[in-house]
Structures are given as structure tokens and as C-alpha cells.
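Numbers restart at 1 for each chain; the letters A, B, ... are given by sequence-line order, proteins then strands. Keep in mind that what you see is a predicted model, and the values were worked out from it rather than measured.
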2 protein chains.
Amino acid sequence: MSLQYLRVFAYIDEVARSGSIRKAAEKLFISASALDRRVQDLEAELGTPLFERHARGMRLTAAGELFLHHVRAQRADFERIHGEIEHLKGMRRGTVAIAASQALAFSVLPELIDRFRRANPGITFKVLICDRQAVVTALRAFEADLGLVYSVQPASDLAVVMEVEQRLCAVMAAGHPLAARDAVRMRDCLQYPLAMPDPNLGARALLEAFFARSSLKPNVVLESNSFEMLRNFVRTNDAVSFQIQVGTPLQYNQDGVTARVIEERAFPRQPLTVAQLKGRHLPQPAVRFLAALREEMQSRGTVVT
Amino acid sequence: MSLQYLRVFAYIDEVARSGSIRKAAEKLFISASALDRRVQDLEAELGTPLFERHARGMRLTAAGELFLHHVRAQRADFERIHGEIEHLKGMRRGTVAIAASQALAFSVLPELIDRFRRANPGITFKVLICDRQAVVTALRAFEADLGLVYSVQPASDLAVVMEVEQRLCAVMAAGHPLAARDAVRMRDCLQYPLAMPDPNLGARALLEAFFARSSLKPNVVLESNSFEMLRNFVRTNDAVSFQIQVGTPLQYNQDGVTARVIEERAFPRQPLTVAQLKGRHLPQPAVRFLAALREEMQSRGTVVT
DNA sequence: TGTACCGTTCTGTTTTTTGCAACGCTCGTC
DNA sequence: GACGAGCGTTGCAAAAAACAGAACGGTACA
């Protein structure tokens, strides 16, 4: 649903996204000339150019940035109101849009969403799995209601609605010698080849911080931006990988892979944080899902905020 | 400035205000039929009627209430963004809309606004003086950015941004016997005829609360909803009136009227509160004015919040 | 120096919005 | 109980806005 009367707002949004009138026009199924006129008319009404014209396309001006944010906020808020009107009509429909780190794609989110949908049928989900920078981008563009990230850089336009204390886990094959032990220390892991998450995965920052002030030398045989890749790798050999607690199969061995919490006294800790765009009204379904998420996390570990 | 593309939103807003298509059409300078079609088209797009049709006119449905609030929020937020864009262009323009109780109309607001405008030329003000119920209404309808009220009933959609502890004052002629004293007690006032603020003025609630648990019997000779009326009345006789501190000329005798703080140990107190609509982004000028207001109040009395 | 892509303008066409007159309806009143 | 005043609503033609397609002028990159 996009409401005929907000057409021009959608135009501006798309032009900013595509960075070009012609590309935007194609996506909007109108001609470039028509789109161009709408942009120019709006600029005339505002008395300010919203875009800088370059040979390669259009870039937002400062005023454009401001206005675009307003446009996206309005479009998102309209969707929320529309959802609440549907709710009044008795239709329990709605969508929750989530942007999350990879770690949550493995078990937490799928299971939680499945359970939530059984209790609240009619509510649909959009889940975007991406790195933590893209999570913030999605929140800012009103493409996600909630962002779930490990080690997010604080930003003044984001509000942290929940923080869950997370410990680091070593991930290994079920038959791995370390799997036989209850407690695993970091120096135990370093006896084996390591499959490391790459720098734009949250867990990496923690590991770097540890190695920086340690004399232990890691033997990295694989580095990847995919937890799935790392997990599948360690299944068939004696390598050890790392992941944050919430993303690991602790209690049950799944697909021949298991995990153990790393017991390390002075290990740097970083919480898993749930964030939203500051000052935004979340749609009702997102509010309810957040409550379910909080309940889930409280039963699982330490919820800080 | 109202932006061509939000035309239909203005239509809905006006229809809700006027309660009738024909009256709204007249104010909007279009025909009733054209307006009617826009309303119907919008309802069709939303899949829900926004208005109930009666022989006397249109009344909002539940969905209509919801949507109207969104419309007004959107229009107000657009004004804010437009102001910030003007700000980018170097034009320091903007408007601060205030809804306030009568008590503030006497000296605080006029003086503060005057001073503020000297420091920030180009910023204009809209001040609506009304009873505290209308203040809340104006905030809800996005007609006011800030509401200044004495004894506001708490509401879930209002956010209190500031509270100033207020004491009650006795107001009397400059030559009144009580004016010769430094400290005035309630029972001193009751020696004289009283000019009482009427029930929908904030100060009245306090007085009622006091009399309810006191054996003193007030001799009320005048009751009015206008502080100006009360003040002018006591000037020429020995009657005593009441007003909250912020609205009274304490230090200087103005127009032959003066005031003294009432010293009463267990007197009920109610703060003057500054409120805004919860979850709303205030325009930049309003934010700056609020800061000036806070500074002023801090120099004048006890700011609680 | 060409070529590919960009935003833009000009033309006429299509779609949307509007005004006007008329209709059906519900109220309050004579 | 008829009647007028007010209301929302509907057809139809006119006006206005948005549109597509071809052509123009420019910049960037090979």
C-alpha cells in the first residue's frame, strides 16, 4: 500500500536511492521526463534544490537529506497508521521488519519468529541479514523497525531498547577433543587451527582485542564473513571457530557441530543490542515482537537494558 | 506554505474541523463535490470510511481519528522540516506556537517573548491564551508546540518537559493593609472580601483543596474566569484575590495592584508545567525558546524537571 | 574523439481534478 | 404532515495536472 497522494514522496525516495532520474523512473514505471518534472516542481515549491546535478546522476543536497528523512519517516508512519486501521477492522495483520547480524539467523530469530507467528497469525516478517553497518543504514532508511546487532557503534540517532550480555563461544566438531570438556579456555583453542570470522563480523572485534593484549599467537587457517561457512568448515576437521553465544547450538549438537562457552576471566565483553531509530513510533506488531524478544532473552541470559 | 502534494491531507483536516463537507469546501475555496470525491477516494484507498455520514454533517470514525492524527502530525512535521531547510538557506525564520493559561499572559510571556525576539529576530510567535483543557486540545491538534499550564491533568499522550514550583499569591490594591506586611497568611486574607478565580482556572483547585480541610469560611464577592477582571476589581476596594506566583507583579506595583506570597505551612502546591505532545519533534525555534524559558524560570524560582 | 549516459525541454496525449446543476436524504418547523 | 433548509452525493463537461516519447545539450570515460 502506498497511497496515491504520497506518490511524489515515493518518487523522491526512489531518486535518492537510485541516484539517477532515469534509473528511478524505470523502477517506478514512469518516464524519466515525467519524474524529472515532479522533482523540479517539488524543488520549486520548497524553494531549494534537493539534488545536485552531476553528469553521473543526482546527489542529495543538505536540504535534500533533511527532506528525504522526513519523506521516509512519513511513509513509514503512514504504514503504521494503516496497520492500526486494519487492526481496527479486526484484521490482525501487519509486518515487522528486522535487520539483524548473521549470528541471529541461525537459530534465535527463526525459532522466535515461528513461535511468535503461531501466537499472532497474520503478522508477517521481513528479515534482512547483513553486517552491522547495513543494520544501521536500514534503520535510518526506515527499512527496518528493529535492528539486532552485536557491537554496534553508538550513534546519536539510534535508541538502544535492549541489551543482552553475550559471551564468546568456541565452535567445533561434535567429536572434537575440546567438546568433551565442560569449560574451555582461550589457550586451549589456540592449540588448534582457527577459522576466524572476518573483520566486519562483530565477534572479530572481541577476538582482536583479546589477542592484542595476549602473547598467544593464533594459527588462522580460514577467515570468512559467513558464520555458516565457518561452522561447516570446522565440522570435518579439528579447527576451532568462534561465535557469540546467542548464535550457537550450545545444548544440542546440530549437524555434527557443537559449541562451548569460553571461560576467560578478563575477556572483553560486548552486549548484543536491539536498537531502533530514535524518536520513532514503532508499529504495533513490532512493539509486541519486541516484548516477546525480551521475554525470550530474559529466559536465556542476562538482559542489561 | 502547505505543499501542493499534501493537498488532500489539508482537505481531510478541514473536513474534520468543520464537521461538514460544504463548510470545509467553502474554507478551502473548492466545490463541495470536488472535496467529496477526494474524501471518498481516500477512504477507498484505505479501505475504510473515515467519516460517519449524518444528516447534519460528518463525524470522524475511529479509523478517521487515527488517520486525522497522522495527517496533523505529518503536516506539523513538514512545517518543521521546511523551517529547517529555510534555516539552511541562512534565513533565520520560524514560528513558535504556544498555548498558555491566562496567568502567563500578564507579564511572563510578553516579556520573555520580547527578549527572545531581540536575540532571535525573524522568529515569530503564535500565542493562544485559553483554559487548560483547550491547551491540551491545541497540543493534540498540532496547533501549539508548547503548552504552559497550571495544574494540568496528566495524559498519556503528553510529555512534561518542565515543571516550575509555584506558590499561591494574594493579590490586592497597593494601598491595602495587607500590602504593608511582608508575610501574609490565608486567615489574614479571609478578613477581607474575596475575588475568586472561577473553577476552570488552575488556582481555584488549590483554593478549594485548602478550604475543604479548613474551618475558615471565605466571603466570596466576585468570581470570574479572567485574572485581568479580578485584578482590576481589587484595585479600587479592599477585596483580595489570588493568583499563582508567576502571573503576579511581586516586586513592582503595577497599575496600583500588588501581590504577596501566601505563607502557609501545609498549603497544597501544584507546579506550573510546560508540556508538549509526546513523541513529537519540536521545531528548532521552539526548542530554543524552551531553553530560554527554562533559563528564565531557573532564575525566578524552583524548576523541578 | 567518439560514445554512453545523464538531466532536461518540447510536443501532444492521457489521466486526474474540478465546478455546476441536480438528486435523494434527514432533520426541525410551521 | 407538508415544507424548507441543510446535508452528502452523483453525472457531465471543462480545466488542470501528470504523463510518454523524441530530441537536445552536457559531462565522463575509454
key: Rounded interatomic separation in angstrom, taking CZ from B/Arg56 and P from D/dA5   = 14 Å
task = Report the distance from atom CG of A/Asp36 to atom P of D/dG25, rounded to the nearest whole Å.
result = 17 Å
message = B/Ala205: which residues meet the side-chain contact (heavy atoms from CB on, under 4.5 Å) condition with it, sequence neighbours left out?
response = none
ask   = Starting at CD of A/Glu52 and ending at P of C/dC6, how long is that distance when rounded to a whole Å?
value = 18 Å
Nearest-Å distance for atom pair CD/C1', residues A/Glu26 and C/dG7 = 16 Å
ask   = Does OP1 or OP2 of D/dC7 have a side-chain N or O of B/Arg53 closer than 4.0 Å?
value = no
Residue-phosphate contact under 4.0 Å: A/Gln40 side-chain N/O, C/dG7 OP1/OP2 = no
Dump every N/O contact between nucleotides 16-23 of chain C and the protein below 3.5 Å, one line per pair.
residue	atom	partner	partner atom	Å
C/dT17	OP2	B/Arg38	NH2	3.4
C/dT17	O3'	B/Arg7	NH1	3.3
C/dT18	OP1	B/Arg7	NH1	3.2
C/dT18	OP1	B/Tyr11	OH	2.8
C/dT18	OP2	B/Arg38	NH1	3.0
C/dG19	OP2	B/Ser31	N	2.4
C/dG19	OP2	B/Ser31	OG	3.0
C/dG19	N7	B/Ser33	OG	3.2
C/dC20	N4	B/Ser33	OG	2.6

remark   = From CE of B/Met58 across to C1' of C/dC25 the rounded distance in Å is 15 Å
query = With a 4.5 Å heavy-atom cut-off, do A/Glu45 and A/Asp41 have their side chains touching?
reply = no
task = Report yes if the distance between the aromatic ring centroids of B/Phe67 and A/His82 is under 6.0 Å, otherwise no.
result = no
request  = Nearest whole angstrom, please: distance from the P of C/dG7 to the CG of A/Leu50.
outcome  = 15 Å
query = If only atom types and distance count, is the side chain of B/Lys27 paired as donor or acceptor with the main-chain N or O of B/Ser18 below 3.5 Å?
reply = no
query = Can you check the A/His54 NE2 to C/dA4 C1' distance for me, whole Å?
reply = 19 Å
Check: A/Lys126 side chain, A/Ala144 main-chain N or O, donor-acceptor pair, under 3.5 Å = no
message = Closer than 4.0 angstrom, basic N to acidic O: yes or no for B/Asp77 and B/Arg280?
response = no
task = Find the distance A/Leu6:CG to D/dA18:C1' and express it as a whole number of Å.
result = 17 Å
